[in-house]
Amino acid sequence: MATKTAKSKAPVMTNLKGQTLVCLRTLTEKNPSSLETYIKLGGYSALKRLVTEKVKATDVISEVKTSGLRGRGGAGFPTGLKWSFMPRYFDGVKYLVCNTDEGEPGTFKDRDIIRYNPHQLIEGMAIAAYTLGARVGYNYIHGEIWQDYDIFEAALHEAKAAGYLGENLFGTHFSFDLYAVHGYGAYICGEETALIESIEGKKGQPRFKPPFPASYGVFGKPTNVNNTESYASIPWIMQHGGQAFADLGVANSGGTKLFSVSGHVANPGNYEVKMGTPFTDLLDMAGGVWKGRKLKAVIPGGPSTAVLPASVIESATMDYDSLSKARSSLGAGSMIVMDDTTCMVKALHRLSYFFYEESCGQCTPCREGTGWVYRVIDRIVKGQGKMEDLDLLTDVSKNISGRTICALGEAAATPVLSFIKHFRAEFEYYIEHGKSMVDSKAEPN
Amino acid sequence: MLSPQSIEKIEYELTKYPANQRQAAVMSALRIVQTERGWLSQESITEVAQYLGMPEIAAMEVATFYNMYDLAPVGKYKVTVCTNISCMLRDSDEIVDHLKEKLGIGFNEITADGKFCLKEGECMGACGGGPLMIVNNHTMHEFLTPEKVDKILDELE
Ligand SMILES: Cc1cc2nc3c(=O)[nH]c(=O)nc-3n(C[C@H](O)[C@H](O)[C@H](O)COP(=O)(O)O)c2cc1C
Ligand code: SF4
Ligand code: FES
């Protein structure tokens, strides 16, 4: 296994104009994923300094708090605060978990971190392990991006051989083992307690909380779970200071953010920009709406965040506050762009199938509700809908929210409620005419 | 009987967990055995459970919960196409139609010669490269066009 090198065969994005690279900073180099490249850019120096100078955990945590870094997995919980929940003293092994399970449609940013800059994630996790006293870590990687899993695992062997992972690092008492593990096709395992169950070799059904992972995580031990991008931001923060990171962004949204831009743009891909970047700038970076068409709607943060019509998103900036003012959310930064040929009924049809298919089935409102919603939208799409169906959809969705073990229930309700709210006329047209309002307008490709 | 190659790989996965947590390796053990045998029969699952010293039913639960495990034969090449929203907006339907026509099968069917099976997949975490498909779980092909699909399939022995 150790003979493989961490090298991606995928074409590397070369158009970096307008981007501010923190998590993907190696993209400016020829061999972005290699250890030499990362070290050349100052990689592993922060880890070495903290460990050899025995910097206090509380100092690291306060630096992370200053940075304004908020969890990049979707919920935006302040990372420094989360770290302070881990018990300082514990008689036994504490664990660190990285969530690279991204499976929410439109989300593919963590993939680029593990394939183009794996060592920055490794260093970020090692710094977290040092700070939180974790002895062992796991990076749980989405099963379908297998080639990238191999790249990351190769990087782990490289880091170990170079003395950045393993026992007594830099000749100190600090030891940290980090392993790659994988999912195998279950969106729900992105939820942190389902992910923990999966690491333990079980089906991925979320646990009741509390207890939270900080007190009862992997194998029942204190565990800190963060998203890939959250950990990967840490080395930069420790190198340049929390304030410098905060200053890259805007109030309440420190740093840069990776946006996965997909759908109807000329150049889909990941773009790392400063928090607070105007939506229109980001859209331009992705080449604008493809085929010279007009923008219709955008899901700014992945399907668990509310869809916004063009007129609303066009005046927004990409940060937590602006998008919540627009009545949506930054989520994981998964921006799905839809042009004016998109049928919103069919788009919602596909999303509702997804949530129905991926519900783990533990909670009745989620299991039954997602199926019910799908069947109703399905009959609308088949031309058998009734006007009352729109209220029924709203009603069922509202009754899923807040009545479930995990946030998938709410995630499933959000698209239904926001699609109907903003595009009600389109749903009514479909029900009345038994066909889509846009099909007649759409030009052939 | 698990092959020596499979056992070696499973042993490597076991090094990632505490010695008393052998069950943790079940996800990878099932993946390893499936990759070698093409799919997971009831016997394969039993063998994995026995090797890891876990209840058979617990291994079965895992095999049925995660949808990349195949509990029935899938032909020599399983082609899974993502049809979720981002890929759909990039016209994954065209790719699906092309595959169905070229192979003469629908979703969850196997060609008469046993060479190909077609599956519909959920988001694969690579939406920027859509439309896309994976062959036998581990090889992803992105930015598909019907021509590119032809070329990929023609190169599979
Ligand atoms: C259904 C569901 C899916 C999720 N998927 C992911 C995911 O793919 N990646 C991720 O980092 N967090 C995901 N989360 C959020 C995690 O539960 C968790 O909050 C996160 O990993 C914490 O890391 P952060 O604080 O760094 O964001 C998901 C949550 C839910 C309810
Ligand atoms: S809300 Fe849905 S996915 Fe989450 S635990 Fe309940 S049934 Fe499972
Ligand atoms: S929607 Fe197809 S890979 Fe994500």
inquiry  = Is the shortest side-chain heavy-atom distance between A:Lys202 and B:Gln23 below 4.5 Å?
reply    = yes

query = Quick one: CZ on A:Phe108 to CE on B:Met124, what's the gap to the nearest 0.5 Å?
reply = 15.0 Å

inquiry  = So for B:Thr15, is it side chain, backbone, both, or neither that comes closer than 4.5 Å to the heavy atoms of chain A?
reply    = backbone

Lys/Arg N to Asp/Glu carboxylate O, A:Arg111 vs B:Glu142, below 4.0 Å = yes

Any side-chain heavy-atom pair of B:Cys123 and A:Glu102 under 4.5 Å = no

note = Which of B:Tyr66, B:Tyr69, B:Phe65 passes ring-ring contact (aromatic ring centres under 6.0 Å, His included) with A:Tyr184? It is B:Tyr69

request  = Would you mind reporting whether B:Leu89 and A:Asp339 have side-chain heavy atoms less than 4.5 Å apart?
outcome  = no

key: Side chain proximity check, B:Met68 to A:Trp146, heavy atoms < 4.5 angstrom   = no

ask   = Between A:Tyr187 and chain B, which part of the residue has a heavy atom less than 4.5 Å away: side chain, backbone, both or neither?
value = neither

query = Between atom CD of A:Glu144 and atom OG1 of B:Thr80, what is the distance when rounded to the nearest 0.5 Å?
reply = 8.0 Å

key: Heavy-atom proximity to chain A below 4.5 Å, by part of B:Thr139   = both

task = Under 4.5 Å, counting heavy-atom pairs only, tell me which of A:Glu357, A:His264, A:Met338 racks up the most with chain B.
result = A:His264

query = Side chain, backbone, both or neither: which part of B:Ile85 has a heavy atom under 4.5 Å from chain A?
reply = both

task = Report yes or no: does A:Gln147 contribute a side-chain atom to a donor-acceptor pair with the main-chain N or O of B:Met140 at less than 3.5 Å?
result = yes

key: Side chain B:Lys16, main chain A:Ala180, donor-acceptor under 3.5 Å   = yes

query = Is chain B contacted by the side chain of A:Glu104, its backbone, both, or neither, given a heavy-atom distance below 4.5 Å?
reply = backbone

note = chain B shares the most heavy-atom pairs under 4.5 Å, among A:Gly185, A:Pro303, A:Ala347, with A:Gly185

remark   = Closest non-hydrogen contact found for A:Pro105 with B:Cys127 is C-SG, 4.3 Å

ask   = When you measure from the side chain of B:Tyr17 to the backbone N and O of A:Glu200, does any donor-acceptor pair fall under 3.5 Å?
value = no

request  = Answer with side chain, backbone, both or neither: which region of A:Val337 has an atom nearer than 4.5 Å to a non-hydrogen atom of chain B?
outcome  = backbone

request  = Below 4.5 Å from any heavy atom of chain B, which atoms of A:Thr107 appear? Answer side chain, backbone, both or neither.
outcome  = backbone

Per-residue contact mode, B:Met88 against chain A (heavy atom under 4.5 angstrom) = side chain

request  = Give, for atom CZ of A:Phe355 and atom CD of B:Glu122, the distance between the pair rounded to the nearest 0.5 Å.
outcome  = 10.0 Å

note = Assert top hit (heavy-atom pairs under 4.5 Å, partner chain B, pool A:Ala186, A:Gly106, A:Ser334) equals A:Gly106

